[in-house]
Amino acid sequence: MAQNVKTEKSMEKIVSLCKRKGFIFQAGELYGGLNGCWDYGPLGAELKRNLKDYWWRKTVQERDDVLGMDGAILTMKQVLKSSGHLDGFSDPMCDCLLSKARLRADQIPPQNGTAVWYSGASHGASDWSTDKVFAVLVPPGKDVESARKTARQFYGQFLPDKRISPKELELAGEKSEEMTGTTRFNPENGSLLTEPREFNLMFQTRVGASADENDPNAIAFLRPETAQSIFVQYKNVLDSSRVKLPFGIAQIGKSFRNEINPRNFTFRSREFEQMEIEYFCRPEDGLRLTDEWLEARLRFYEEIGIPRTKLHILDVPDGERAFYSRKTYDIEYEFPFGVQELEGVAYRTDYDLGVHQKGAGKSLEYFDEETKEKLLPHVVEPSAGCDRTVLALICEAYDEEVVKDEKGKEEVRTVLRFHPRMAPVKCGIFPLLKNKPELVAKAREVQKLLQPFMTVFYDETAAIGRRYRRQDEIGTPFGVTIDFDTIGENGPEGRDTVTLRDRDTMEQQRIKIEDLLHFLLERIH
RNA sequence: GCGGGUGUAGCUCAGGGGUAGAGCGCAACCUUGCCAAGGUUGAUGUCGUGAGUUCGAAUCUCAUCACCCGCUCCA
């Protein structure tokens with residue numbers, strides 16, 4: 001009955017479905033919306049919880065070598081000073097006045113040449129003038145006339161009458177100046193750049209209700225990653241938990257970055273949740289464990305319904321990794337808006353413990369009882385984006401299928417094919433007809449039977465087919481219907497059995513109510 | 001931050017200086033015998049927000065906010 005015709009997955013449809021069905025809303029929508037922030041609605045909250053719970057179970061509870069923690073979001077300035085975030089987490093940026101290109105100020109190569117300054121320009125015939133200051137850097141050996149051409153181009157963009165050619169402009173106040181090693185000009189076209197502006201990517205706040213605005217000691221930050229609290233508490237966990245190398249500390253929690261440009265729905269948000277492991281090990285095991293964690297993480301994605309074929313592994317090349325990392329894999333997913341990172345598995349060496357040991361002035365060394373040696377452990381960090389994974393789950397699950405109705409007319413069935421263990425609602429419960437009290441009563445009984453063990457949705461309105469389709473749209477993997485067989489109307493062999501419908505195949509099977517819980521639990525665990 | 005586009009019902013969108021529209025969805029009732037069934041009734045909008053022009057603005061102008069595309073950025 002169902003043809004598997006894949007229509008194009010568009011983010012627009014997915015975003016719309018998320019809002020319509022209560023997965024994800026924009027934060028503060030009532031007041032116009034807060035850029036880069038999102039709220040999870042009833043179904044989104046369930047979905048995200050299922051992901052986090054499963055990650056925690058697989059990462060912490062079912063392993064002997066990983067412990068959990070839950071660190072504070074407010075972070076001391078000193079911590080982020082040591083980690084390098086305070087100095088390194090802001091980029092000076094400038095814009096090209098001519099081409100509007102944005103450049104990192106610290107990446108502009110120093111140049112030599114003659115800077116030609118102008119104090120403005122005018123157009124006599126149309127009585128137009130401007131006193132904007134502009135300058136062009138002319139490389140050694142090149143004619144100053146080229147500067148005038150560039151300057152006219154610059155002033156030309158402000159002409160109210162676009163029919164006037166920039167060539168007719170009179171330039172004012174030309175002055176030349178020899179420059180060496182300047183970074184104030186765009187190497188591409190010689191145009192003057194804006195003054196570098198700092199983009200502080202961390203959210204700063206003040207601790208203490210009456211903190212003096214100028215008290216530097218009151219400054220704290222919302223953490224830009226969960227990792228730092230793990231490094232800072234590493235010694236306490238070690239001393240309180242009787243663990244030996246190698247071992248990991250895992251954490252799920254919110255982090256905050258003042259992204260310049262949030263984009264792609266929840267993909268790049270200013271407030272986001274991370275699922276991170278810092279796995280401490282002997283230096284010689286770092287590279288091997290990085291590969292092992294990559295495999296473990298890929299298996300995880302498969303287990304939650306993101307197939308290996310949709311994942312790309314990027315072995316981040318030399319020069320593109322963070323300076324302290326000796327090996328980094330990015331696990332990327334084929335989002336509808338492009339292949340984008342879900343998780344990074346980074347071998348960070350002993351950089352983090354090293355900087356905190358130095359910054360705090362306290363030893364973070366590990367004493368190995370067997371070899372009787374002291375060492376600073378190395379770290380492998382699998383760091384997954386929780387919201388990004390939720391988004392990947394939704395994108396992966398989204399499907400539109402062309403089905404034929406009873407009259408043979410084609411229609412589109414929208415279905416979220418979540419893995420049952422991720423699905424926000426596990427089972428729909430429907431009395432076939434709501435005007436038959438015996439059916440309704442029996443359906444309520446089934447609801448009470450399942451509800452302590454899983455999320456269920458009881459629905460008695462509208463025709464049965466419509467109820468099935470409603471559940472398809474929110475990704476409910478199973479639906480049970482209580483019909484006249486269930487209440488024994490068609491003979492004793494059907495009594496206390498229900499039809500169980502599969503979301504993906506739309507096929508039904510008859511199952512005893514007493515077997516239902518076991519059947520479902522086996523599939524959603 | 002720059003350039004382009006968009007903003008009207010829960011969703012998708014039409015309209016357009018003079019009483020706010022459609023389809024779908026939603027709610028109630030009737031009907032119901034397994035895949036978006038039919039009927040009846042109903043609710044919902046400061047036309048993104050603010051200011052200006054106007055006798056009158058959802059419509060024109062400006063500003064602002066948000067979203068989309070491209071650039072930029074992503075330690």
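If you're wondering where the values come from, they're calculated on a predicted model, not measured in any experiment. Proteins come first, then strands; the chains are lettered A, B, ... in the order of their sequence lines, and each starts at number 1.
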OG on S82(A) to CG on D352(A), rounded to 0.5 Å:
11.0 Å

Think R466(A) forms a cation-pi with Y468(A), using NZ or CZ under 6.0 Å from the six-ring centre and within 45 degrees of its axis?
no

Closest of U32(B), G33(B), A75(B) to the N435(A) side chain is U32(B)

Considering only the P atoms, how many Å lie between A20(B) and C24(B), rounded to the nearest integer?
24 Å

Specify the separation, in whole Å, of atom CD of E276(A) and atom P of A75(B).
14 Å

Send over the distance from Q471(A) CD to C34(B) C1', rounded to a whole Å.
15 Å

Should the pair R388(A) and F272(A) be classed as cation-pi, given the thresholds of under 6.0 Å to the six-membered ring centre and 45° from the axis?
no

With rounding to whole Å, what would you report as the distance between G15(B) and G21(B) at their C1' atoms?
7 Å

Could one point to a donor on the side chain of R413(A) or the base of C35(B) with an acceptor on the other under 3.5 Å away?
no

Taking the C1' atom in each of U61(B) and G25(B), what is the distance between them to the nearest angstrom?
37 Å

Output the single nucleotide from A75(B), C35(B), U32(B) whose closest atom is nearest the side chain of L433(A).
U32(B)

Using the closest heavy atom to pick a nucleotide of RNA chain B for each, name whichever of T461(A) or D483(A) lands nearer the 5' end.
T461(A)

Do any of residues 380-391 of chain A sit with a heavy atom less than 4.0 Å from RNA chain B, and if so which?
none

Could you tell me whether the side-chain ring of F484(A) sits stacked on the base of G33(B), using a centroid cut-off under 5.5 Å and a plane angle under 30°?
yes

May I ask you to say what K19(A) touches in the nucleic acid, namely base, sugar-phosphate or nothing, with a heavy-atom cut-off under 4.0 Å?
sugar-phosphate

Same-atom distance (C1') from G5(B) to U41(B), integer angstrom:
41 Å

Could you summarise the pairing of RNA chain B as dot-bracket text, marking Watson-Crick and G-U pairs under 3.5 Å with ( ) or [ ] inside the strand and | across strands?
(((((((..((((....[..)))).(((((.......))))).....(((((..]....))))))))))))....

Which value, in whole Å, describes the distance between the P atoms of nucleotides U12(B) and G39(B)?
26 Å

Pairwise C1' distance for C73(B) and A63(B), with rounding to whole Å
27 Å

Once you apply a heavy-atom cut-off of 4.0 Å, does F337(A) come out as touching a base, just sugar-phosphate, or nothing?
nothing

Could you label the plane-to-plane angle of the Y351(A) and Y324(A) rings as parallel, tilted or perpendicular, counting under 30° as parallel and over 60° as perpendicular?
parallel

Across the strands shown, which category fits R470(A) at heavy-atom distances under 4.0 angstrom: base, sugar-phosphate, nothing?
sugar-phosphate

Supply the atom-to-atom distance I487(A) CD1 to K442(A) NZ, rounded to the nearest 0.5 angstrom.
9.5 Å

Report the nucleotide, chosen from C34(B), C11(B), A75(B), that has the shortest atom-to-atom distance to any side-chain atom of T481(A).
C34(B)

Tell me whether the rings of Y347(A) and H378(A) are parallel (<30°), tilted (30 to 60°) or perpendicular (>60°).
tilted

Winner on side-chain proximity to E489(A), out of C73(B), G33(B), C34(B), is G33(B)

Whether R321(A) engages the ring of F323(A) as a cation-pi pair (distance to the six-membered ring centre under 6.0 angstrom, angle to the ring normal within 45°) should be assessed.
no

Please state the C1' separation for the pair C26(B) and C65(B) - nearest whole angstrom.
29 Å

Y468(A) side-chain proximity, nearest of C34(B), C11(B), A37(B):
C34(B)

Around Q509(A), counting heavy atoms of other residues, nucleotides and ligands shown, do more than 12 lie under 6.0 Å from its CD?
yes

Separation of G10(B) P from F25(A) CZ (nearest whole Å):
13 Å

Given A75(B), C11(B), C35(B), identify the nucleotide with an atom nearest to the side chain of S16(A).
C11(B)

Measuring from the side chain of M506(A) (C-beta onward, heavy atoms only), which nucleotide among C74(B), C34(B), C35(B) has the closest atom?
C35(B)

In whole angstrom, what separates F430(A)'s CZ from A36(B)'s C1'?
13 Å

Between A66(B), C34(B), A75(B), which nucleotide has the shortest distance from any of its atoms to the side chain of Q26(A)?
A66(B)

Of all heavy-atom pairs between V345(A) and T290(A), which one has the smallest distance, and what is that distance?
CG1-O, 3.8 Å

To the nearest 0.5 Å, how far apart are CZ in R467(A) and CD in E460(A)?
8.0 Å

Got more than 12 heavy atoms from elsewhere within 6.0 Å of CZ, R495(A)?
no

Base, sugar-phosphate alone, or nothing: which one does Q508(A) contact when heavy atoms must sit under 4.0 Å apart?
base

Hey, which of these two, P262(A) or R321(A), hits RNA chain B nearer its 5' end, going by closest nucleotide?
P262(A)

Output field: ring centroids W38(A)/F25(A) closer than 6.0 Å:
no

Round to the nearest Å and state the distance from R466(A) atom CZ to G38(B) atom C1'.
11 Å

Report the nucleotide, chosen from C34(B), C67(B), G25(B), that has the shortest atom-to-atom distance to any side-chain atom of N35(A).
C67(B)

Figure out the CD/P separation between E438(A) and U32(B), and round it to whole Å.
14 Å

U6(B) to G48(B) separation - C1' atoms, rounded to the nearest Å:
11 Å

Let me know the distance between CD of E225(A) and P of C74(B), rounded to the nearest Å.
16 Å

Closest to the R268(A) side chain, choosing from C73(B), G10(B), A36(B):
C73(B)

Does NZ or CZ of R444(A) fall inside the cone over Y458(A)'s six-membered ring, less than 6.0 Å from its centre and within 45° of the axis?
yes

For A463(A), answer base if it contacts any base atom (sugar-phosphate contacts may also be present), sugar-phosphate if it contacts only those atoms, and nothing otherwise; contact means non-hydrogen atoms under 4.0 Å.
base

For atom CG of L193(A) and atom P of U72(B), their distance in whole Å
15 Å

